[in-house]
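Data block below; observations after.
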Protein chains: 2
Amino acid sequence: MQIMTDLKSAGYRLTQSRAAVVRIIDEADGWLRPEQVHSQAKKYCPSIGLVTVYRTLALLVEHGYIRRIHFDDKCHGYARVELSHGHHLVCRGCKQTIEIAGTEDLKPLMKQVQNETGFVIEDHLLELVGLCRECQHIPT
Amino acid sequence: MQIMTDLKSAGYRLTQSRAAVVRIIDEADGWLRPEQVHSQAKKYCPSIGLVTVYRTLALLVEHGYIRRIHFDDKCHGYARVELSHGHHLVCRGCKQTIEIAGTEDLKPLMKQVQNETGFVIEDHLLELVGLCRECQHIPT
DNA sequence: GTGAATGCAAACTATTTGCAAAGGT
DNA sequence: ACCTTTGCAAATAGTTTGCATTCAC
């Protein structure tokens, strides 16, 4: 729960709701939608409201503890960041999200792109979507 | 307007609205939000409704003519696909979107990930965000 | 003429904001 | 006790759906 300590030193209060959200994210195998975080967080903080979940997720994103997951459809989810600026691999079947160490592999590509385009690249997002071993029977 | 021919052979009708949306996307330098496509498409089809824009965008995505752009915040945009499954580079300042030929560079990484995780990777999304030459004066 | 496509309004989903009450320090 | 944080309700933003009308073929 390093994040809780970090938040405390940043001047935030250690509330039940925040602890509950962090705990749910920690326990999750993959990514969760805000609504899922909410219903699960009630386990540890029965009175928690969905609004607080949104606010806490925003706080955790801001502090780099979790990351937003984007899909081709409209749904957004959140997953814990394991490796600084790693990329992620999402299973289309069971939704588990695995962080993959990645920036290094992209360095040459990014350098090449900067040279060719004159852009200064500030950030990048690499998302691989597929099926994990257990979900490979699922049709396309 | 290859896409219009394609749609026709797929059995879709060549309507004013569809032509207007395609034309706006073609003329755009970068990505556009549905609302922007709508207001600009009125130039060519004054009666077009936002709903039709959404429906047409979905059709064009389905046929691989455009791609959804995801940002860290909630806004989704659409940009033309120039290169089959290329990745894209988005300018944070002026929003221009450049397609970069890319799958090749990721092949080794994807192969490695498949071996290490047992996943079958079906799709990937690489988005580089930065500032183009003209926008580099903009603060972070 | 016929059925696909459209536009409108209304429904819906996801997220954010205002504000009084509760809780952490 | 003070001031942040919370929960509720309501507001908002983005997108989708139902249905009568319009338009491409």
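First the proteins, then the strands, lettered A, B, ... as listed; each starts at 1. Just so it is clear, the model here is predicted, and its values are computed rather than measured.
Other residues, nucleotides and ligands place more than 12 heavy atoms under 6.0 Å from the CD atom of A/Q114.
Considering only heavy atoms from C-beta on, A/E27 comes within 4.5 Å of A/I24 through its side chain. Side-chain atoms of A/T52 and A/V21, non-hydrogen and from C-beta on, never get closer than 4.5 Å to each other.
If you check C/dT16, C/dA9, D/dT6 against the side chain of B/V51, the one that comes closest is C/dA9.
Going from atom NZ of B/K42 over to atom P of C/dC8 covers 8 Å, rounded to whole Å. Taking atom CE of residue A/M4 and atom C1' of nucleotide C/dT25, one finds them 14 Å apart after rounding to whole Å. One atom, CD1 of B/I48, and another, C1' of C/dG7, lie 10 Å apart when rounded to the nearest Å. If you take NE2 of B/H38 and P of C/dT6, they are 12 Å apart, rounded to a whole angstrom. At whole-Å resolution of the value, NZ in B/K8 and P in C/dA4 are 16 Å apart. Rounded to an integer number of Å, the gap from B/Q36 CD to D/dG14 P is 10 Å. The distance from atom CZ of A/R18 to atom P of D/dG7 is 11 Å, rounded to the nearest whole Å. In this entry the distance linking CZ of A/R33 with P of C/dT13 reads 12 Å, nearest Å.
Using a 4.0 Å cut-off, some side-chain N or O of A/S47 falls inside it from OP1 or OP2 of D/dG7. Close to D/dT15, at under 4.0 Å from its OP1 or OP2, lies a side-chain N or O of B/Y54. Side-chain N/O atoms of B/R13 include none lying less than 4.0 angstrom from OP1 or OP2 on D/dC23. Dashed line: the shortest gap from a side-chain N or O of B/T15 to OP1 or OP2 of C/dA5 is not under 4.0 Å.
Note on A/Q16: only backbone sugar-phosphate atoms sit closer than 4.0 angstrom, heavy atoms only; bases stay farther off.
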Could you please spell out the steps behind the side-chain contact (heavy atoms from CB on, under 4.5 Å) verdict for A/V22 and A/Y65?
-> CA-CA 9 Å; A/V22 169; A/Y65 188 65; 4.2 Å; yes
Derivation and outcome, side-chain contact (heavy atoms from CB on, under 4.5 Å), residues A/Q40 and A/L32 | CA-CA 10 Å; A/Q40 293 183 36; A/L32 297 169; 3.9 Å; yes
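Between A/R55 and A/L50, the one whose closest nucleotide on DNA chain C sits nearer the 5' end is A/L50.
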